[in-house]
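Everything below concerns the one structure shown next.
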Amino acid sequence: MRVLVTGGAGFIGAQVADVLRDQGHEPVVLDALLPAAHPVGPVLSDAEFLRGDVRDPDVVRGALRGVDAVCHQAAMVGLGKDFADAPAYVSCNDLGTAVLLAGMAETGVRTLVQAGSMVVYGEGRYECPGHGVVRPGPRAVEDLREGRFEPRCPRCGAALLPGLVTEDAPADPRNVYATTKLAQEHLAAAWARTTGGSAVSLRYHNVYGPGMPRDTPYAGVASFFRSALARGEAPRVFEDGGQRRDFVHVRDVARANAAALAALAPERGTGRHTAYNVGSGEPHTVGEMAETLARAHGGPEPVVTGEFRLGDVRHITADSARLQRELGWRPEVGFAEGMAEFAVTEQRASTRTP
């Protein structure tokens, strides 16, 4: 298949393009090369490259010419700096997706795999000893300031046991980025119903690995820690470091995209949208991740600061059984192996100049 990979010069998109090429597909990379996403330069594979913004209808129509499917990775990611970022998030993520889907509807491309995110869930799954599964609301600022980071049962105030979240959990976005990622899914579902296309949203959990963007406020926590270590500084861990996450390697995420495309190819025209969690299945705390990275890098040791960010959630870890069962995907890179590699691997440089 000839596959358009939007954001294909970025961290995840470049790996997706590489995996597709290795599997015999013909990836075409479309990327605007925005400085916020590429602070040290783009990550370019040997795929055909088109420089342009997914928000430009003319660019999108041209990029879709002769294409069989789309892997939509272009997005503004992370929590950002403050609410002033909201228009940029909505423009990049939601307007960009709407323009892309309109172009697909016009040109007859009926297969979409897009980058979703676990942030659409808000907090993860929690169980109260007395009330079963409950959904705690946003944590109070007063609690966070006093170091009370764990959500409590909204009915009785008891301590909760965190578990794995499944795709049928209600959506509860807690920040602007999460809201835009959920809107992308709704747009994809509406497109599929309207055009008879087939769409998959892959809800990535905490993706890390070689080529991860650094030195930008929009990068992920693993990148912040890795950048600190590269500068000889201690990683600064927020809260008490006990936040549970699922750190999934970027190569496994790229393979999930290829698996989704392979599953959709024979069934174009179903009119369905399906969401899948993409996680390693190995929950770890943020503090544990920082310690593992620091040890593999050779120090310095992380510092637990007690600081917090509004909009962060306490625990969110994935149940990826649906992806494994329906698409035959399995994570291949374990936590220890992946973090050891990430600790010593520099940002991959551009292979050519656009």
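No hydrogens, no waters, no symmetry mates; every other heavy atom, side chains included, goes into these values.
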Next item on the list: Could you please spell out the steps behind the ring-ring contact (aromatic ring centres under 6.0 Å, His included) verdict for H249 and Y208?
Entry: CA-CA 5 Å; H249 197 277; Y208 74 98; 5.3 Å; yes
Does [X] reach the main-chain N or O of [Y] with its side chain, forming a donor-acceptor pair under 3.5 Å?
X: D319; Y: L164; result: no
X: Y276; Y: A260; result: no
X: R203; Y: M118; result: no
X: K181; Y: P173; result: no
X: R55; Y: A98; result: no
X: T180; Y: Y177; result: yes
X: D252; Y: V333; result: yes

Reported [atom1]-to-[atom2] distance for the pair [X] and [Y], which is rounded to 0.5 angstrom:
X: L100; Y: D56; atom1: CG; atom2: CG; value: 12.5 Å
X: L323; Y: T274; atom1: CG; atom2: OG1; value: 11.5 Å
X: T285; Y: Q243; atom1: OG1; atom2: CD; value: 7.5 Å
X: D312; Y: N175; atom1: CG; atom2: CG; value: 8.0 Å
X: C153; Y: Y126; atom1: SG; atom2: OH; value: 12.5 Å
X: M289; Y: R226; atom1: CE; atom2: CZ; value: 12.5 Å

Transitively linked via ILVMFWY side-chain contacts under 4.5 Å: [X] with [Y]?
X: L161; Y: Y121; value: no
X: L20; Y: L264; value: yes
X: W329; Y: L202; value: yes
X: V77; Y: F83; value: yes

Test: [X] and [Y] ion pair at under 4.0 Å:
X: R135; Y: E123; value: no
X: E307; Y: R236; value: yes
X: E127; Y: R125; value: yes
X: R251; Y: E332; value: no
X: R314; Y: E239; value: yes

Notebook entry, point to check: Taking everything shown except R330 itself, do over 12 heavy atoms lie less than 6.0 Å from its CZ?
Noted result: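 Counting other residues, nucleotides and ligands, CZ of R330 exceeds 12 neighbours.
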Next item on the list: Tell me, yes or no, whether the heavy-atom count around R145 atom CZ, taken from other residues, nucleotides or ligands under 6.0 Å, exceeds 12.
Entry: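 Atom CZ in R145 is not crowded, with 12 or fewer foreign heavy atoms closer than 6.0 Å.
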Measure the shortest side-chain to side-chain distance between [X] and [Y] over non-hydrogen atoms and say whether it is less than 4.5 angstrom.
X: V3; Y: V67; value: no
X: M1; Y: T111; value: no
X: V109; Y: D68; value: no
X: F149; Y: L144; value: yes
X: V207; Y: I12; value: yes
X: E282; Y: F247; value: no
X: P235; Y: L229; value: yes
X: F49; Y: V28; value: no

Donor-acceptor side-chain pairing of [X] and [Y] below 3.5 angstrom:
X: D246; Y: Y204; value: no
X: E185; Y: S201; value: no
X: H205; Y: S280; value: no
X: T6; Y: Q73; value: no
X: R65; Y: T107; value: no

Note to self: Please determine whether salt bridge (charged side-chain N to carboxylate O under 4.0 Å, His left out) holds for the pair E288 and R244, giving the CA-CA distance in whole Å, both sets of side-chain angles, and the decisive distance to 0.1 Å.
What the structure shows: CA-CA 9 Å; E288 182 182 358; R244 285 162 53 95; over 6 Å; no
Which pair of heavy atoms, one from [X] and one from [Y], lies closest together, and at what distance?
X: T317; Y: G163; answer: OG1-O, 3.2 Å
X: A9; Y: V29; answer: N-CG1, 3.7 Å
X: C156; Y: C128; answer: SG-SG, 3.7 Å
X: L112; Y: W191; answer: CB-CZ3, 4.0 Å
X: V304; Y: G241; answer: CG1-N, 4.3 Å
X: F225; Y: L293; answer: CB-CD1, 4.0 Å

Next item on the list: Show the numbers, then the answer: is there a side-chain hydrogen bond (donor to acceptor under 3.5 Å, both in side chains) between R272 and S198?
Entry: CA-CA 5 Å; R272 293 185 302 185; S198 296; over 6 Å; no
Next item on the list: Any chance you could lay out the side-chain contact (heavy atoms from CB on, under 4.5 Å) test for Q15 and R255, step after step, and finish with the verdict?
Entry: CA-CA 9 Å; Q15 294 274 358; R255 289 176 45 254; over 6 Å; no
Next item on the list: Kindly indicate, with the supporting measurements, whether the criterion side-chain contact (heavy atoms from CB on, under 4.5 Å) is fulfilled by V59 and L30.
Entry: CA-CA 9 Å; V59 167; L30 173 65; 3.8 Å; yes
Next item on the list: Run the numbers on E48 and R2 for salt bridge (charged side-chain N to carboxylate O under 4.0 Å, His left out), then give the verdict.
Entry: CA-CA 11 Å; E48 179 182 344; R2 182 173 170 86; 3.1 Å; yes
Item checked: Steps toward salt bridge (charged side-chain N to carboxylate O under 4.0 Å, His left out) verdict (D172, R174) -> CA-CA 6 Å; D172 186 17; R174 300 287 177 90; 2.8 Å; yes
Next item on the list: For L95 and V90, run side-chain contact (heavy atoms from CB on, under 4.5 Å): C-alpha distance rounded to whole Å, both residues' side-chain angles, the deciding distance at 0.1 Å, then the answer.
Entry: CA-CA 6 Å; L95 176 60; V90 172; 5.9 Å; no
Margin query: As a quick check of understanding, evaluate side-chain contact (heavy atoms from CB on, under 4.5 Å) for N206 and V221, giving each step before the final call.
Written below: CA-CA 8 Å; N206 287 71; V221 63; 4.3 Å; yes
